[in-house]
Amino acid sequence: MKHLFSIESLSAGYDGKVVLNDISFEVEPDDFIGIIGPNGGGKTTLLRVILGLLRPYSGRLDFSNLDKNEIGYLPQVAQGDTLFPVTVEDVVLSGLMINKRLTGRMTRDDRKRAAGVMEDLGLVPFAGSALNELSGGQLQRVYLARAIIGSPRLLLLDEPATYVDPSFEADFYEKLRILNNKMAIMMVSHDIGTISAYVKSFVCVNGSVHYHPHDKITEEDLRAYGCPIQLVTHGDIPHVVLQKH
């Protein structure tokens with residue numbers, strides 16, 4: 001199987017300060033990768049580099065098997081994003097603008113595609129609603145619909161469950177699992193215990209990058225990879241295991 005894209009000996013950062021140092025790994029067409037690591041470790045920086053929003057200091061990205069227009073992106077959703085006077089359908093359709101060049105005109109086929117995506121994500125009843133009328137979970141579905149309406153081959157998600165109501169969280173991840181049959185997914189998350197039921201592998205980002213090829217990761221793995229983050233265990237009695245301090 002040809003990899004979807006690869007990162008080779010890449011370093012990147014801001015204002016001359018290195019955040020990611022000499023990182024290398026490959027992404028396959030059917031990957032579902034959980035991106036984990038401490039705050040400030042470079043997780044969002046990694047996404048910005050892949051999206052082409054940040055030029056690396058050195059190294060290279062090999063996109064010979066992936067066009068930049070084939071990348072969908074679901075950013076962290078801020079409350080201010082809901083203040084624009086647009087409808088749910090408008091936001092979903094905006095995911096097609098990258099392919100519209102100069103005209104920006106939506107066709108009947110575009111609207112049919114949007115209707116299909118909204119139906120898959122349970123958004124049809126809200127098609128004419130303003131964003132500030134939606135719950136956090138509904139809003140995340142809207143932005144997910146915008147990210148996938150162009151049928152990307154790679155979907156990037158930055159903390160997608162931050163504003164999702166608990167009742168929708170499992171359904172949200174199940175929808176991602178289904179989407180993974182059509183596209184590779186890379187998802188930033190702090191909730192290792194939850195996403196381990198859905199992802200296929202982990203990338204630990206803390207200045208450097210360590211690829212973990214399985215969906216289960218232990219405290220020992222995290223220490224070995226230099227990722228000082230908590231591992232929350234879900235069970236009959238929810239608890240958090242704290243390291244000695």
Side-chain angles (χ1 to χ4, degrees), residues 1-76 95 98-99 144 147-160 173 176-190 192 195-196 198-217 221-222 224-227 229:
M1 179 185 299
K2 288 186 177 180
H3 61 260
L4 195 59
F5 75 95
S6 64
I7 295 176
E8 302 170 10
S9 303
L10 185 144
S11 295
Y14 307 92
D15 299 323
K17 181 180 179 181
V18 175
V19 176
L20 298 174
N21 182 38
D22 193 24
I23 67 171
S24 299
F25 66 96
E26 296 180 350
V27 175
E28 305 299 330
D30 61 347
D31 269 343
F32 192 160
I33 300 174
I35 303 174
I36 61 175
N39 291 333
K43 301 184 298 298
T44 298
T45 300
L46 175 60
L47 297 189
R48 289 176 58 83
V49 168
I50 295 172
L51 288 165
L53 301 176
L54 181 65
R55 185 187 298 272
Y57 294 144
S58 60
R60 64 188 294 264
L61 290 91
D62 179 5
F63 279 101
S64 57
N65 297 321
L66 178 71
D67 191 280
K68 285 294 184 72
N69 291 344
E70 296 178 309
I71 301 176
Y73 176 48
L74 176 61
Q76 294 186 33
I98 194 171
N99 297 318
L144 177 59
I148 65 174
I149 190 173
S151 301
R153 297 174 60 208
L154 173 65
L155 176 62
L156 305 178
L157 306 103
D158 195 355
E159 294 285 356
Y173 286 129
L176 292 183
R177 194 205 299 271
I178 294 170
L179 287 172
N180 185 223
N181 293 321
K182 303 176 182 178
M183 63 191 71
I185 298 176
M186 299 179 69
M187 175 173 62
V188 173
S189 178
H190 285 97
I192 304 173
I195 69 171
S196 63
Y198 302 93
V199 302
K200 297 175 180 176
S201 58
F202 284 99
V203 164
C204 301
V205 182
N206 187 17
S208 57
V209 163
H210 298 276
Y211 179 77
H212 182 80
H214 307 294
D215 60 353
K216 297 296 185 290
I217 195 165
D221 293 327
L222 294 175
Y225 298 147
C227 283
I229 56 180

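What you see below is based on every heavy atom in this structure, not just the backbone, and it leaves out hydrogens, waters and symmetry mates. If you read the sequence from its start, that first residue is 1, and numbering goes on from there. In this text, all values refer to a predicted model and were calculated from it rather than measured experimentally.
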Student: Leu4 versus Arg153: any side-chain heavy-atom pair under 4.5 Å?
Tutor: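 Yes; the side chains approach each other to less than 4.5 Å.
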Student: Do Ile23 and Val205 come close enough that some side-chain heavy atom pair is under 4.5 Å?
Tutor: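 Side chain of Ile23 against side chain of Val205, heavy atoms only: no contact under 4.5 Å found.
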Student: Is Asp31 reaching over with its side chain to a backbone N or O of Met186, donor-acceptor style, under 3.5 angstrom?
Tutor: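 No.
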Student: What are the two closest heavy atoms between Phe32 and Met187, and how far apart are they?
Tutor: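 Answer, listing the atom of Phe32 first, then Met187: CE2-CE, 3.8 Å.
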Student: Might you work through the side-chain contact (heavy atoms from CB on, under 4.5 Å) test for Glu70 and Leu154, ending with a clear yes or no?
Tutor: CA-CA 6 Å; Glu70 296 178 309; Leu154 173 65; over 6 Å; no
Student: Holding to side chain to side chain contact (heavy atoms under 4.5 Å, CB included), I want the full list of residues that pass it with Lys68, two or more places apart in sequence or in another chain.
Tutor: Phe63, Ile71
Student: Check step by step if side-chain contact (heavy atoms from CB on, under 4.5 Å) holds for Ile35 and Leu46.
Tutor: CA-CA 9 Å; Ile35 303 174; Leu46 175 60; 4.2 Å; yes
Student: In the structure I gave you, are the side-chain heavy atoms of His212 and His214 within less than 4.5 Å of one another anywhere?
Tutor: yes
Student: Could you walk me through whether Phe5 and Asn65 pass the side-chain contact (heavy atoms from CB on, under 4.5 Å) test, one step at a time?
Tutor: CA-CA 6 Å; Phe5 75 95; Asn65 297 321; over 6 Å; no
Student: Do Ile33 and Phe202 make a side-chain contact, defined as non-hydrogen atoms from C-beta onward lying under 4.5 Å apart?
Tutor: no
Student: Considering all heavy atoms of both residues, which atom of Pro56 and which atom of Ala12 are nearest to each other, and what is their separation?
Tutor: CA-CB, 4.0 Å
Student: What distance do Leu176 atom CG and Leu144 atom CG have between them, rounded to the nearest 0.5 Å?
Tutor: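 It comes to 6.0 Å.
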Student: Within the distance-only criterion (no hydrogens, no angle test), does the side chain of Asn206 pair as donor or acceptor with the backbone N or O of Val209 below 3.5 angstrom?
Tutor: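 Judged by distance alone, no pair lies under 3.5 Å.
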Student: Are any of the side-chain heavy atoms of Ser201 and Tyr211 separated by less than 4.5 Å?
Tutor: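 With C-beta onward as the side chain, the pair touches.
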Student: Please examine the side chains of Asp158 and Leu74, heavy atoms only from C-beta on, and report whether any two atoms are closer than 4.5 Å.
Tutor: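 No. Closest side-chain heavy atoms not under 4.5 Å.
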Student: Asp67 and Asn69: which non-hydrogen atoms are nearest, and at how many Å?
Tutor: OD1-N, 2.7 Å
Student: CG of Asn39 to OG1 of Thr44: how many Å apart, nearest 0.5 Å?
Tutor: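 The CG atom of Asn39 sits 9.0 Å away from the OG1 atom of Thr44.
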Student: Starting at CD1 of Ile195, measure out to NE2 of His190 and round the result to the nearest 0.5 Å.
Tutor: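 If we round to the nearest 0.5 Å, Ile195:CD1 and His190:NE2 are 10.5 Å apart.
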Student: Going through the distances and angles, do Lys43 and Arg48 end up as a side-chain contact (heavy atoms from CB on, under 4.5 Å)?
Tutor: CA-CA 9 Å; Lys43 301 184 298 298; Arg48 289 176 58 83; over 6 Å; no
Student: Is the backbone N or O of Gly16 less than 3.5 Å from a side-chain atom of Tyr57, with the two atoms forming a donor-acceptor pair by type?
Tutor: yes
Student: Would you check if Val49 and Ile7 make a side-chain contact, meaning some heavy-atom pair closer than 4.5 Å?
Tutor: no
Student: Is there any salt bridge (Lys or Arg N to Asp or Glu O under 4.0 Å) pair reaching into residues 6-15, and which pairs are they, with sequence neighbours excluded?
Tutor: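 Salt bridge (Lys or Arg N to Asp or Glu O under 4.0 Å) check on residues 6-15 returns Glu8-Arg60.
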Student: Is Asp215 close to Lys200 at the side-chain level, that is, under 4.5 Å between some pair of heavy atoms?
Tutor: no
Student: Not counting sequence neighbours, which residues clear side chain to side chain contact (heavy atoms under 4.5 Å, CB included) with Ser11? List them please.
Tutor: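 Testing Ser11 for side chain to side chain contact (heavy atoms under 4.5 Å, CB included), a comparison that skips the adjacent residues, returns Asn21, Asp22, Ser58.
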